[in-house]
Amino acid sequence: MSRTAVLTPNGALEPGPLAAILANHAIPGCEITGSGVSGATHTRLLPTPGGPRRVTVTVRSGDVTLTADTDDDDEFAELVRTTRTWLDLDTDVAAVARTFDGDPLLGPLVRRRPALRAVGYPEAFEAAIMTVLGQQVSVAAGGTFGGRLAAAYGTPTDAGLTLFPTPQAIAAAPHEELRAAVGVTRARAATVQNVARAVAGGLALDPAGDHAMLRKDLLAIPGIGPWSADYLAVRVLRDPDAFTPGDLVARRAMGDPTIRDAERLSEAWRPYRAYALFHLWTAATYSGA
(Lines give C-alpha, C1' and ligand atoms only; values in the text may rest on other atoms or scores of the structure.)
Protein backbone atom coordinates (compact mmCIF):
# COMPACT_ATOMS: atom_id res chain seq x y z
CA MET A 1 0.00 0.00 0.00
CA SER A 2 1.26 3.49 -0.80
CA ARG A 3 0.54 6.94 0.56
CA THR A 4 0.76 10.25 -1.30
CA ALA A 5 1.09 13.85 -0.14
CA VAL A 6 1.59 17.13 -1.92
CA LEU A 7 4.46 19.02 -0.32
CA THR A 8 4.05 22.75 -0.72
CA PRO A 9 7.27 24.77 -0.48
CA ASN A 10 7.72 27.95 1.50
CA GLY A 11 7.41 30.27 -1.46
CA ALA A 12 8.11 29.40 -5.07
CA LEU A 13 10.09 26.54 -6.59
CA GLU A 14 12.59 26.20 -9.44
CA PRO A 15 11.58 22.75 -10.71
CA GLY A 16 14.16 22.41 -13.48
CA PRO A 17 17.32 22.87 -11.39
CA LEU A 18 15.83 20.84 -8.54
CA ALA A 19 15.07 17.88 -10.79
CA ALA A 20 18.46 18.23 -12.49
CA ILE A 21 20.50 17.97 -9.30
CA LEU A 22 18.55 14.88 -8.25
CA ALA A 23 19.10 13.26 -11.64
CA ASN A 24 22.75 14.25 -11.99
CA HIS A 25 23.68 12.87 -8.56
CA ALA A 26 21.60 9.69 -8.76
CA ILE A 27 23.39 6.46 -7.85
CA PRO A 28 22.75 3.70 -10.41
CA GLY A 29 20.83 0.83 -8.85
CA CYS A 30 19.94 2.90 -5.78
CA GLU A 31 18.00 5.70 -7.47
CA ILE A 32 15.85 5.97 -10.59
CA THR A 33 15.00 9.22 -12.35
CA GLY A 34 12.44 9.80 -15.04
CA SER A 35 9.82 12.16 -16.36
CA GLY A 36 6.09 12.00 -16.80
CA VAL A 37 3.07 14.11 -17.55
CA SER A 38 3.07 15.49 -14.01
CA GLY A 39 6.80 16.31 -13.82
CA ALA A 40 10.27 14.88 -13.25
CA THR A 41 10.39 11.88 -10.94
CA HIS A 42 13.04 10.54 -8.60
CA THR A 43 12.71 7.20 -6.81
CA ARG A 44 14.90 5.86 -4.01
CA LEU A 45 14.82 4.24 -0.58
CA LEU A 46 14.53 6.41 2.53
CA PRO A 47 15.05 5.27 6.11
CA THR A 48 12.28 4.92 8.69
CA PRO A 49 12.32 3.33 12.16
CA GLY A 50 10.62 0.31 10.58
CA GLY A 51 13.20 -0.04 7.80
CA PRO A 52 13.82 1.51 4.38
CA ARG A 53 10.82 2.47 2.29
CA ARG A 54 10.64 3.13 -1.43
CA VAL A 55 9.59 6.70 -2.20
CA THR A 56 9.04 8.69 -5.37
CA VAL A 57 9.16 12.46 -5.50
CA THR A 58 7.57 14.19 -8.48
CA VAL A 59 8.88 17.72 -9.00
CA ARG A 60 6.28 20.05 -10.45
CA SER A 61 6.25 23.78 -11.14
CA GLY A 62 4.78 24.74 -7.78
CA ASP A 63 5.16 21.78 -5.47
CA VAL A 64 6.53 18.27 -4.94
CA THR A 65 4.41 15.14 -4.68
CA LEU A 66 5.69 12.40 -2.39
CA THR A 67 4.51 8.82 -2.87
CA ALA A 68 5.76 6.28 -0.33
CA ASP A 69 5.34 2.53 0.00
CA THR A 70 3.94 2.49 3.52
CA ASP A 71 0.57 2.43 5.21
CA ASP A 72 1.92 3.46 8.61
CA ASP A 73 0.99 7.01 9.68
CA ASP A 74 4.15 7.58 11.73
CA GLU A 75 6.43 6.27 9.00
CA PHE A 76 4.76 8.43 6.39
CA ALA A 77 5.03 11.51 8.60
CA GLU A 78 8.74 10.79 9.06
CA LEU A 79 9.19 10.42 5.30
CA VAL A 80 7.43 13.73 4.71
CA ARG A 81 9.77 15.46 7.18
CA THR A 82 12.84 13.83 5.63
CA THR A 83 11.80 14.85 2.13
CA ARG A 84 11.05 18.44 3.07
CA THR A 85 14.50 18.74 4.65
CA TRP A 86 16.24 16.91 1.81
CA LEU A 87 14.72 19.21 -0.85
CA ASP A 88 14.99 22.35 1.32
CA LEU A 89 11.27 23.08 0.98
CA ASP A 90 10.93 25.06 4.21
CA THR A 91 13.45 27.83 3.53
CA ASP A 92 12.09 31.30 2.78
CA VAL A 93 13.96 31.62 -0.50
CA ALA A 94 12.43 35.05 -1.15
CA ALA A 95 14.31 36.37 1.89
CA VAL A 96 17.51 34.77 0.59
CA ALA A 97 16.99 36.34 -2.84
CA ARG A 98 16.54 39.81 -1.33
CA THR A 99 19.91 39.46 0.39
CA PHE A 100 21.67 38.99 -2.97
CA ASP A 101 19.67 41.45 -5.05
CA GLY A 102 22.29 44.21 -5.11
CA ASP A 103 25.30 41.95 -5.60
CA PRO A 104 26.93 42.47 -9.02
CA LEU A 105 27.58 38.74 -9.57
CA LEU A 106 24.71 37.05 -7.75
CA GLY A 107 22.03 39.67 -8.35
CA PRO A 108 21.40 38.72 -12.02
CA LEU A 109 21.55 34.99 -11.17
CA VAL A 110 19.01 35.34 -8.37
CA ARG A 111 16.69 37.47 -10.45
CA ARG A 112 16.73 34.73 -13.08
CA ARG A 113 16.04 31.92 -10.57
CA PRO A 114 14.82 33.53 -7.33
CA ALA A 115 13.44 30.30 -5.84
CA LEU A 116 16.57 28.14 -6.10
CA ARG A 117 16.89 25.76 -3.15
CA ALA A 118 19.94 24.26 -1.45
CA VAL A 119 19.17 20.58 -2.05
CA GLY A 120 20.76 18.26 0.50
CA TYR A 121 21.13 14.52 0.93
CA PRO A 122 18.65 12.31 2.80
CA GLU A 123 21.39 9.92 4.05
CA ALA A 124 24.51 11.38 5.66
CA PHE A 125 26.80 8.36 5.28
CA GLU A 126 25.81 7.87 1.66
CA ALA A 127 26.57 11.55 1.07
CA ALA A 128 29.99 11.28 2.70
CA ILE A 129 31.00 8.29 0.58
CA MET A 130 29.68 9.84 -2.62
CA THR A 131 31.60 13.01 -1.80
CA VAL A 132 34.82 11.01 -1.56
CA LEU A 133 34.06 9.17 -4.80
CA GLY A 134 33.36 12.51 -6.48
CA GLN A 135 36.68 14.10 -5.54
CA GLN A 136 38.52 15.42 -8.61
CA VAL A 137 36.24 13.63 -11.10
CA SER A 138 33.05 14.53 -12.93
CA VAL A 139 29.67 14.13 -11.28
CA ALA A 140 28.88 11.35 -13.78
CA ALA A 141 32.07 9.47 -12.91
CA GLY A 142 31.35 9.79 -9.21
CA GLY A 143 27.89 8.32 -9.81
CA THR A 144 29.38 5.41 -11.73
CA PHE A 145 31.75 4.65 -8.85
CA GLY A 146 28.86 4.85 -6.38
CA GLY A 147 26.80 2.44 -8.45
CA ARG A 148 29.64 -0.07 -8.51
CA LEU A 149 30.13 0.24 -4.76
CA ALA A 150 26.41 -0.31 -4.17
CA ALA A 151 26.32 -3.31 -6.51
CA ALA A 152 29.24 -4.91 -4.70
CA TYR A 153 28.34 -4.19 -1.07
CA GLY A 154 24.76 -2.91 -0.96
CA THR A 155 21.61 -4.87 -0.21
CA PRO A 156 19.05 -5.69 -2.93
CA THR A 157 15.47 -5.13 -1.76
CA ASP A 158 12.01 -6.27 -2.76
CA ALA A 159 11.37 -2.68 -3.84
CA GLY A 160 13.61 -3.22 -6.85
CA LEU A 161 16.30 -0.87 -5.56
CA THR A 162 19.62 -1.50 -3.87
CA LEU A 163 20.10 -0.19 -0.36
CA PHE A 164 23.37 1.74 -0.16
CA PRO A 165 26.09 -0.16 1.71
CA THR A 166 26.38 0.25 5.47
CA PRO A 167 29.52 1.68 7.08
CA GLN A 168 30.23 -1.75 8.52
CA ALA A 169 30.04 -3.47 5.13
CA ILE A 170 32.44 -1.02 3.52
CA ALA A 171 34.81 -0.95 6.48
CA ALA A 172 35.06 -4.75 6.58
CA ALA A 173 35.62 -5.27 2.85
CA PRO A 174 39.09 -6.43 1.79
CA HIS A 175 40.84 -3.30 0.53
CA GLU A 176 42.01 -4.62 -2.83
CA GLU A 177 38.65 -6.27 -3.47
CA LEU A 178 36.86 -2.97 -2.88
CA ARG A 179 39.31 -1.02 -5.01
CA ALA A 180 38.87 -3.42 -7.92
CA ALA A 181 35.08 -3.54 -7.57
CA VAL A 182 34.71 0.24 -7.66
CA GLY A 183 37.53 0.96 -10.10
CA VAL A 184 39.25 3.71 -8.12
CA THR A 185 42.82 4.21 -7.02
CA ARG A 186 44.14 2.58 -3.87
CA ALA A 187 44.29 6.00 -2.21
CA ARG A 188 40.65 6.75 -3.02
CA ALA A 189 39.54 3.30 -1.86
CA ALA A 190 41.46 3.85 1.37
CA THR A 191 39.65 7.15 1.96
CA VAL A 192 36.28 5.46 1.38
CA GLN A 193 37.14 2.87 4.00
CA ASN A 194 38.57 5.46 6.38
CA VAL A 195 35.26 7.34 6.28
CA ALA A 196 33.32 4.11 6.77
CA ARG A 197 35.43 3.17 9.80
CA ALA A 198 35.00 6.63 11.30
CA VAL A 199 31.21 6.47 10.96
CA ALA A 200 31.09 2.86 12.18
CA GLY A 201 33.16 4.02 15.13
CA GLY A 202 30.70 6.71 16.13
CA LEU A 203 31.24 9.77 13.92
CA ALA A 204 27.78 11.29 13.43
CA LEU A 205 27.23 13.71 10.56
CA ASP A 206 24.34 15.33 12.38
CA PRO A 207 23.12 18.80 11.35
CA ALA A 208 22.20 19.39 15.00
CA GLY A 209 25.78 18.71 16.12
CA ASP A 210 28.71 21.07 16.64
CA HIS A 211 29.65 21.97 13.07
CA ALA A 212 33.13 23.22 13.95
CA MET A 213 33.92 20.00 15.80
CA LEU A 214 32.49 17.90 12.98
CA ARG A 215 34.70 19.72 10.50
CA LYS A 216 37.72 19.03 12.70
CA ASP A 217 36.75 15.35 12.94
CA LEU A 218 36.30 15.09 9.17
CA LEU A 219 39.66 16.71 8.44
CA ALA A 220 41.29 14.23 10.80
CA ILE A 221 40.23 11.36 8.51
CA PRO A 222 43.08 10.48 6.12
CA GLY A 223 42.10 11.50 2.60
CA ILE A 224 39.49 14.10 3.62
CA GLY A 225 40.50 17.65 2.77
CA PRO A 226 38.87 21.08 3.02
CA TRP A 227 36.76 20.71 -0.13
CA SER A 228 35.10 17.52 1.11
CA ALA A 229 34.50 18.94 4.59
CA ASP A 230 33.05 22.15 3.14
CA TYR A 231 30.86 20.26 0.67
CA LEU A 232 29.42 18.09 3.45
CA ALA A 233 28.73 21.20 5.53
CA VAL A 234 26.60 22.48 2.64
CA ARG A 235 24.85 19.28 1.55
CA VAL A 236 24.58 17.29 4.82
CA LEU A 237 25.00 19.60 7.79
CA ARG A 238 22.60 22.03 6.08
CA ASP A 239 24.64 25.06 7.16
CA PRO A 240 23.13 27.95 5.15
CA ASP A 241 26.37 29.91 5.45
CA ALA A 242 28.78 27.10 4.48
CA PHE A 243 30.85 27.61 1.34
CA THR A 244 33.38 25.64 -0.73
CA PRO A 245 36.08 28.10 -1.83
CA GLY A 246 38.06 25.23 -3.34
CA ASP A 247 35.26 24.14 -5.66
CA LEU A 248 36.40 24.44 -9.28
CA VAL A 249 32.92 24.85 -10.77
CA ALA A 250 31.98 27.62 -8.35
CA ARG A 251 35.28 29.42 -8.86
CA ARG A 252 34.87 29.34 -12.63
CA ALA A 253 31.46 30.94 -12.20
CA MET A 254 33.13 33.57 -10.00
CA GLY A 255 35.70 34.44 -12.67
CA ASP A 256 38.47 32.01 -11.65
CA PRO A 257 39.74 33.58 -8.42
CA THR A 258 42.25 31.77 -6.23
CA ILE A 259 40.88 29.73 -3.34
CA ARG A 260 41.89 32.47 -0.93
CA ASP A 261 40.22 35.16 -3.05
CA ALA A 262 37.07 33.03 -3.45
CA GLU A 263 36.84 32.77 0.33
CA ARG A 264 37.30 36.54 0.62
CA LEU A 265 34.70 37.30 -2.05
CA SER A 266 32.19 34.98 -0.41
CA GLU A 267 32.21 37.10 2.74
CA ALA A 268 29.81 39.49 1.01
CA TRP A 269 27.25 36.68 0.73
CA ARG A 270 26.89 35.90 4.41
CA PRO A 271 24.72 34.57 6.02
CA TYR A 272 23.55 32.61 2.95
CA ARG A 273 26.77 31.52 1.27
CA ALA A 274 25.41 28.01 0.65
CA TYR A 275 22.63 29.52 -1.45
CA ALA A 276 25.18 31.64 -3.30
CA LEU A 277 27.03 28.41 -4.05
CA PHE A 278 23.92 26.78 -5.52
CA HIS A 279 23.36 29.81 -7.71
CA LEU A 280 26.95 29.61 -8.95
CA TRP A 281 26.72 25.86 -9.57
CA THR A 282 23.42 26.23 -11.40
CA ALA A 283 24.67 29.08 -13.56
CA ALA A 284 27.70 26.99 -14.54
CA THR A 285 26.03 23.63 -15.15
CA TYR A 286 22.28 23.96 -15.78
CA SER A 287 21.30 24.56 -19.40
CA GLY A 288 17.52 24.55 -18.94
CA ALA A 289 15.20 27.51 -18.94
Side-chain angles (χ1 to χ4, degrees), residues 5 7-11 18 21-22 25 27 44-53 55 57 64 66 68 70 72-93 95-96 99 116-132 134 163-168 170-171 194-221 224-245 247 266 269-278:
L7 310 184
T8 303
N10 181 355
L18 174 54
I21 194 169
L22 294 177
H25 290 265
I27 305 170
R44 60 162 295 144
L45 299 167
L46 288 183
T48 73
R53 299 290 179 256
V55 304
V57 294
V64 173
L66 171 68
T70 181
D72 183 275
D73 290 343
D74 292 337
E75 281 190 356
F76 189 64
E78 177 69 19
L79 292 169
V80 167
R81 287 190 293 269
T82 297
T83 303
R84 293 194 68 88
T85 301
W86 166 27
L87 303 183
D88 192 32
L89 298 180
D90 292 323
T91 295
D92 182 357
V93 287
V96 175
T99 301
L116 202 65
R117 296 181 180 273
V119 180
Y121 269 96
E123 282 274 27
F125 175 67
E126 174 188 307
I129 295 300
M130 293 305 298
T131 298
V132 171
L163 187 63
F164 195 78
T166 65
Q168 293 77 12
I170 294 176
N194 290 336
V195 171
R197 292 181 185 117
V199 173
L203 175 64
L205 298 174
D206 184 354
D210 182 329
H211 289 195
M213 182 58 68
L214 283 170
R215 178 182 174 79
K216 182 178 179 181
D217 291 341
L218 284 167
L219 292 174
I221 299 173
I224 294 294
W227 177 84
S228 297
D230 292 338
Y231 185 82
L232 289 171
V234 173
R235 300 289 311 276
V236 174
L237 301 185
R238 316 290 307 152
D239 182 349
D241 199 36
F243 192 72
T244 59
D247 189 87
S266 75
W269 303 329
R270 291 187 183 275
Y272 296 120
R273 295 192 303 169
Y275 290 87
L277 188 60
F278 270 83

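In this chain, residues are counted from 1 in sequence order.
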Participant: By salt bridge (Lys or Arg N to Asp or Glu O under 4.0 Å), which residues pair with Glu123, not counting sequence neighbours?
Facilitator: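 Result, salt bridge (Lys or Arg N to Asp or Glu O under 4.0 Å) vs Glu123: none returned.
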Participant: Taking atom CZ of Arg84 and atom CG of Leu89, what is their separation to the nearest 0.5 Å?
Facilitator: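 If I round to the nearest 0.5 Å, the distance is 5.0 Å.
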Participant: Test your reading of the model: is there a side-chain donor-acceptor pair from Arg53 to the backbone of Leu46, 3.5 Å cut-off?
Facilitator: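 Checking the backbone N and O of Leu46 against the side chain of Arg53, no donor-acceptor pair under 3.5 Å is found.
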Participant: Starting at CG of Asp92, measure out to CG of Asn10 and round the result to the nearest 0.5 Å.
Facilitator: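 Between atom CG of Asp92 and atom CG of Asn10 there are 5.0 Å.
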Participant: Ala77: what forms a side-chain contact (heavy atoms from CB on, under 4.5 Å) with it, not counting sequence neighbours?
Facilitator: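 For Ala77, the residues satisfying side-chain contact (heavy atoms from CB on, under 4.5 Å) (neighbours in sequence not counted) are Arg81.
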Participant: By ring-ring contact (aromatic ring centres under 6.0 Å, His included), which residues pair with Phe125, not counting sequence neighbours?
Facilitator: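 Partners of Phe125 under the ring-ring contact (aromatic ring centres under 6.0 Å, His included) test: none.
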Participant: Between Thr70 (side chain only) and Asp72 (backbone N and O only), is there a donor and an acceptor less than 3.5 Å apart?
Facilitator: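 Yes, because the side chain of Thr70 sits within donor-acceptor range (under 3.5 Å) of the backbone of Asp72.
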Participant: Could I get the full list of salt bridge (Lys or Arg N to Asp or Glu O under 4.0 Å) partners for Arg273, not counting sequence neighbours?
Facilitator: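 Testing Arg273 for salt bridge (Lys or Arg N to Asp or Glu O under 4.0 Å), a comparison that skips the adjacent residues, returns Asp241, Glu263, Glu267.
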Participant: Once side-chain hydrogen bond (donor to acceptor under 3.5 Å, both in side chains) is applied, do any residues pair with Trp86, and if so which ones, sequence neighbours excluded?
Facilitator: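 So Trp86 forms no side-chain hydrogen bond (donor to acceptor under 3.5 Å, both in side chains) with any residue.
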Participant: Can you sort out the partners of Tyr275 under ring-ring contact (aromatic ring centres under 6.0 Å, His included), two or more places apart, ordered by chain and number?
Facilitator: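 Tyr275: no ring-ring contact (aromatic ring centres under 6.0 Å, His included) contacts found.
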Participant: Can you list the steps and then say if Arg270 with Phe243 is a side chain to side chain contact (heavy atoms under 4.5 Å, CB included)?
Facilitator: CA-CA 10 Å; Arg270 291 187 183 275; Phe243 192 72; over 6 Å; no
Participant: Looking at residues at least two apart in the chain, or sitting in another chain, which of them share a salt bridge (Lys or Arg N to Asp or Glu O under 4.0 Å) with Arg197?
Facilitator: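 With neighbours one apart ignored, the set is empty.
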Participant: If you define the side chain from C-beta out and look only at heavy atoms, does anything of Arg117 sit under 4.5 Å from Val93?
Facilitator: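 Result yes, sub-4.5 Å side-chain heavy-atom pair found.
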Participant: Rounded to the nearest 0.5 Å, how far does CD of Glu75 lie from OG1 of Thr82?
Facilitator: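 Going from OG1 on Thr82 over to CD on Glu75, the span is 11.0 Å.
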Participant: Could you measure the distance from the CD1 atom of Ile129 to the CD1 atom of Ile27? Nearest 0.5 Å is fine.
Facilitator: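 Reported value, rounded in 0.5 Å steps: 10.5 Å.
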Participant: Looking at every non-hydrogen atom in both residues, tell me the closest pair between Ala233 and Ala242 and how far apart they are.
Facilitator: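 Heavy atoms of Ala233 and Ala242 come nearest at CB-CB, 3.7 Å.
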Participant: Less than 3.5 Å apart, which donor and acceptor atoms pair up between the side chains of residues 211-221 and the rest of the protein, not counting sequence neighbours?
Facilitator:
from	atom 1	to	atom 2	distance (Å)
His211	NE2	Pro207	O	2.8
Arg215	NH1	Asp230	OD1	2.3

Participant: Does Asp206 have any side-chain hydrogen bond (donor to acceptor under 3.5 Å, both in side chains) partners at least two apart in sequence or in another chain, and if so, which?
Facilitator: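 Checked Asp206 against side-chain hydrogen bond (donor to acceptor under 3.5 Å, both in side chains); zero matches.
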Participant: Give the intermediate values and the outcome of side chain to side chain contact (heavy atoms under 4.5 Å, CB included) for residues Ile21 and Phe278.
Facilitator: CA-CA 10 Å; Ile21 194 169; Phe278 270 83; 3.5 Å; yes
Participant: Do Asp88 and Val119 pass the side chain to side chain contact (heavy atoms under 4.5 Å, CB included) test, and can you show the C-alpha distance, the side-chain angles, and the key distance before you say yes or no?
Facilitator: CA-CA 6 Å; Asp88 192 32; Val119 180; 5.7 Å; no
Participant: According to salt bridge (Lys or Arg N to Asp or Glu O under 4.0 Å), who are the partners of Arg44, at least two apart in sequence or on a separate chain?
Facilitator: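 Salt bridge (Lys or Arg N to Asp or Glu O under 4.0 Å) list for Arg44, sorted by chain: Glu31, Glu126.
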Participant: Taking the side chain as every heavy atom from C-beta outward, state whether Thr131 and Trp227 have any atom pair closer than 4.5 Å.
Facilitator: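 Yes. Closest side-chain heavy atoms under 4.5 Å.
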Participant: Quick check: closest heavy atoms across Leu79 and Pro47, and the distance to 0.1 Å?
Facilitator: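 So the two residues come closest at CD2-O, 4.0 Å.
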Participant: Within this structure, what is the CD1-CG distance for the pair Ile224 and Asn194, rounded to the nearest 0.5 Å?
Facilitator: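 Rounded to the nearest 0.5 Å, the CD1-CG separation comes out at 8.5 Å.
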Participant: Would you say Val96 and Thr91 make side-chain contact, with heavy atoms under 4.5 Å?
Facilitator: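 Answer yes - side chains close enough.
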Participant: Taking side-chain hydrogen bond (donor to acceptor under 3.5 Å, both in side chains) as the definition, give me every residue that meets it alongside Tyr231, ordered by chain and number, with sequence neighbours left out.
Facilitator: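 With neighbours one apart ignored, the set is Arg235.
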Participant: What distance do Thr85 atom OG1 and Arg238 atom CZ have between them, rounded to the nearest 0.5 Å?
Facilitator: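 Result: 7.0 Å between the selected atoms.
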Participant: Among all residues two or more places apart in sequence or in another chain, which pass the side-chain contact (heavy atoms from CB on, under 4.5 Å) test with Ala128?
Facilitator: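 Per chain and number, Ala128 pairs via side-chain contact (heavy atoms from CB on, under 4.5 Å) with Val195, Leu205, Leu232.
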